[in-house]
Amino acid sequence: VQYFRSSRLADAEAAARFLNDNGVACVVFEAERDVQLFATQPFADEREAAPLVKQIKELGKEYFKGGGGYDFAGCAAAKF
């Protein structure tokens, strides 16, 4: 969903709360050099993930307008 600098952990946690509160299950992962916000809904391929990506980007517009500081515009599907 979004990458954050390691110093922005609180921002990542706030974004996660917003998305979780709006029906997108997600988690914050602290890596060595950054913090990553991942949606946890499984999908088989990019076509199946497209509605989730669209939902996150739409919610990002709302989050940014509300002062969240991030719009999730770079959100893309990735399988792990």
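Scope of the values below: all heavy atoms of this structure, side chains included, with no hydrogens, waters or symmetry mates.
- Contact between E48 and A44 at its shortest, heavy atoms only, is OE2-N, 3.3 Å.
- Shortest non-hydrogen contact noted between A16 and L37 is CB-CD1, 3.6 Å.
- When all heavy atoms are compared, the tightest approach of V28 to A12 is CG2-O, 3.6 Å.
- Residues L9 and V1 share a single hydrophobic cluster, defined by chaining ILVMFWY side chains whose heavy atoms lie under 4.5 Å apart.
- Atom CG of D34 sits about 10.5 Å away from atom CZ of F4, to the nearest 0.5 Å.
- Salt-bridge annotation for E58 and K61: present, with a side-chain N of the basic residue lying under 4.0 Å from a carboxylate O of the acidic one.
- Taking every heavy atom of both residues into account, V53 and A77 meet most closely at CG2-N, 3.9 Å.
- To the nearest 0.5 Å, atom CD of residue Q41 and atom SG of residue C26 are 11.5 Å apart.
- Sorted by first then second residue, the ring pair (Phe, Tyr, Trp, His ring centres under 6.0 Å) pairs that include residues 27-46, not counting sequence neighbours, are F38-F80.
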Requested in this report: Decide side chain to side chain contact (heavy atoms under 4.5 Å, CB included) for Y70 and R8; before the verdict, give the C-alpha distance in whole Å, the side-chain angles of both, and the deciding distance to 0.1 Å.
Outcome: CA-CA 12 Å; Y70 301 88; R8 307 306 297 193; 4.1 Å; yes

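- Across all non-hydrogen atoms, the minimal contact from A31 to Q36 is CB-NE2, 4.0 Å.
- The minimum heavy-atom distance linking A39 with V24 is given by the pair CB-CG1, 4.2 Å.
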*Evaluate side chain to side chain contact (heavy atoms under 4.5 Å, CB included) for F72 paired with L19, printing each intermediate quantity in order.*
CA-CA 11 Å; F72 316 137; L19 288 173; 3.9 Å; yes

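- To the nearest 0.5 Å, atom CZ of residue R33 and atom CZ of residue R5 are 15.0 Å apart.
- Between T40 atom OG1 and L52 atom CG the span is 9.0 Å, to the nearest 0.5 Å.
- E62 is listed as a side-chain neighbour of L59, based on a closest heavy-atom distance under 4.5 Å.
- Judged by distance alone, the side chain of D71 and the main-chain N or O of K57 form no donor-acceptor pair under 3.5 Å.
- Taking CD from E30 and CD from E13, the interatomic distance works out to 7.0 Å, rounded to the nearest 0.5 Å.
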